[in-house]
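The structure appears right after this line, and notes come after that.
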Amino acid sequence: MKTLLLTAVFLISFNAAAETVTSTRENLIRVARVVKIINLVDKTDIKVNLVVEDLGGSTDVSPTQRAWFTLYSKGEMYSTDASFMIGEVFEVFSARRISGGIYEVSALVPSRVGSIPTSSTIRIDAARVITQLKNVSCEDFGCEASDNFSGTIELSRK
């Protein structure tokens with residue numbers, strides 16, 4: 001009984017632990033494989049989306065999709081963007097904005113102990129990186145602060 005209780009506490013605490021995800025220029029989404037875009041914010045100064053990319057066929061029970069959190073700020077002489085890989089999923093059911101910079105994604109994901117599909121809510125805390133993105137300031141074209149923008153978001157699962 002004690003072992004079962006300790007195992008349950010470990011799994012719950014492991015599931016609730018935050019994970020830091022960094023934006024990257026190396027990981028790009030192949031446009032032809034985008035199967036879903038959920039718009040979370042559509043303002044003149046910032047666009048926030050959840051993008052679902054198809055990974056192709058699978059011969060076993062591995063996930064066939066990958067979820068991405070994307071930010072885009074269109075400027076007159078420069079534009080700044082960032083993409084964050086949320087992870088592999090079997091399916092994204094929904095995504096919504098909770099409050100400024102906080103979002104939730106409901107998805108079918110692989111369990112932590114194997115590829116068994118399990119429903120999960122992924123909370124994205126992007127408040128800090130959105131502020132950083134909005135504060136990018138450039139005087140001219142070819143702005144290094146925009147071209148090389150990088151930031152992090154925090155993920156936690158329920």
Side-chain angles (χ1 to χ4, degrees), residues 6-31 33-55 62-75 78-138 143-158:
L6 287 174
T7 303
V9 169
F10 173 76
L11 288 175
I12 290 168
S13 63
F14 184 77
N15 231 6
E19 172 187 355
T20 300
V21 178
T22 303
S23 63
T24 175
R25 296 275 180 217
E26 291 78 37
N27 290 335
L28 300 176
I29 302 169
R30 294 174 60 185
V31 174
R33 291 184 178 230
V34 172
V35 293
K36 184 185 286 188
I37 299 174
I38 300 172
N39 181 256
L40 300 166
V41 175
D42 189 7
K43 296 181 178 177
T44 55
D45 62 334
I46 192 164
K47 312 288 185 211
V48 179
N49 292 298
L50 185 83
V51 177
V52 180
E53 170 193 21
D54 191 82
L55 300 174
S62 60
T64 60
Q65 297 181 335
R66 184 176 292 136
W68 295 82
F69 181 78
T70 66
L71 303 171
Y72 175 57
S73 179
K74 184 176 183 176
Y78 66 95
S79 298
T80 310
D81 60 84
S83 297
F84 305 87
M85 186 176 67
I86 302 304
E88 293 185 353
V89 299
F90 291 98
E91 182 179 358
V92 170
F93 301 120
S94 64
R96 65 188 180 114
R97 180 180 180 267
I98 301 298
S99 63
I102 308 295
Y103 306 88
E104 278 189 351
V105 178
S106 175
L108 193 60
V109 300
S111 67
R112 298 269 188 194
V113 292
S115 289
I116 300 166
T118 184
S119 290
S120 181
T121 300
I122 303 163
R123 181 167 279 228
I124 302 167
D125 182 346
R128 182 177 51 219
V129 75
I130 289 171
T131 300
Q132 292 170 335
L133 184 103
K134 286 181 173 183
N135 286 334
V136 171
S137 180
C138 300
C143 171
E144 192 170 321
S146 178
D147 292 344
N148 298 322
F149 180 80
S150 183
T152 60
I153 60 173
E154 296 294 323
L155 300 180
S156 57
R157 300 179 196 275
K158 291 185 194 176

Measure the CD1-NZ distance between I46 and K134 for me, rounded to the nearest 0.5 Å.
5.5 Å

Go through the steps to decide whether V109 and T118 satisfy the test side chain to side chain contact (heavy atoms under 4.5 Å, CB included), and finish with yes or no.
CA-CA 5 Å; V109 300; T118 184; 4.0 Å; yes

Nearest 0.5 Å, please: how far is OG1 in T64 from CD in E88?
9.5 Å

N/O donor-acceptor pair under 3.5 Å between N135 side chain and S137 backbone
no

Rounded distance [0.5 Å steps], CE in M85 versus CG in L155
10.0 Å

Roughly how far, to the nearest 0.5 Å, is the CD atom of E154 from the OG1 atom of T20?
3.0 Å

Contact check, side chains of S79 and D81, non-hydrogen atoms, under 4.5 Å:
no

Run the side-chain donor-acceptor check on residues 94-103: report pairs under 3.5 Å with partners two or more places apart or on a different chain.
from : atom 1 : to   : atom 2 : distance (Å)
R96  : NH2    : E104 : OE1    : 3.3

Is there a side-chain contact between I124 and F84 in this structure, where contact means two heavy atoms from C-beta onward sitting under 4.5 Å apart?
no

Can you see which heavy atom on S150 is nearest to which on S23, and at what distance?
CA-OG, 3.3 Å

How about W68 and N49: do any of their side-chain heavy atoms sit closer than 4.5 Å?
no

Among I153, V21, V52, V92, the one residue meeting side-chain contact (heavy atoms from CB on, under 4.5 Å) with I86
I153

To the nearest 0.5 Å, what is the distance between CG on N148 and OG1 on T80?
10.5 Å

Pairing residues for V34 by the side-chain contact (heavy atoms from CB on, under 4.5 Å) criterion, not counting sequence neighbours
I29, I37, V51

Report yes if the side chains of V48 and F69 come closer than 4.5 Å at any heavy-atom pair, otherwise no.
yes

For E19 and R157, what are the C-alpha separation, side-chain angles and deciding distance, and is it a side chain to side chain contact (heavy atoms under 4.5 Å, CB included)?
CA-CA 9 Å; E19 172 187 355; R157 300 179 196 275; 4.1 Å; yes

Check this for me: does any side-chain nitrogen of one of E53 and R66 sit under 4.0 Å from a carboxylate oxygen of the other?
yes

OH/Y78 to SG/C143 distance, rounded to the nearest 0.5 angstrom?
6.5 Å

Work out which heavy atom in L108 is nearest to a heavy atom in S119; give both atom names and the distance.
CD1-N, 3.8 Å

Compare every heavy atom of C138 with every heavy atom of V136, then report the nearest pair and how far apart it is.
CG1-SG, 4.1 Å

Any S83 side-chain heavy atom under 4.5 Å of T70 side chain
yes

In terms of heavy-atom contacts, G151 and V129 come closest through CA-CG2, 3.7 Å

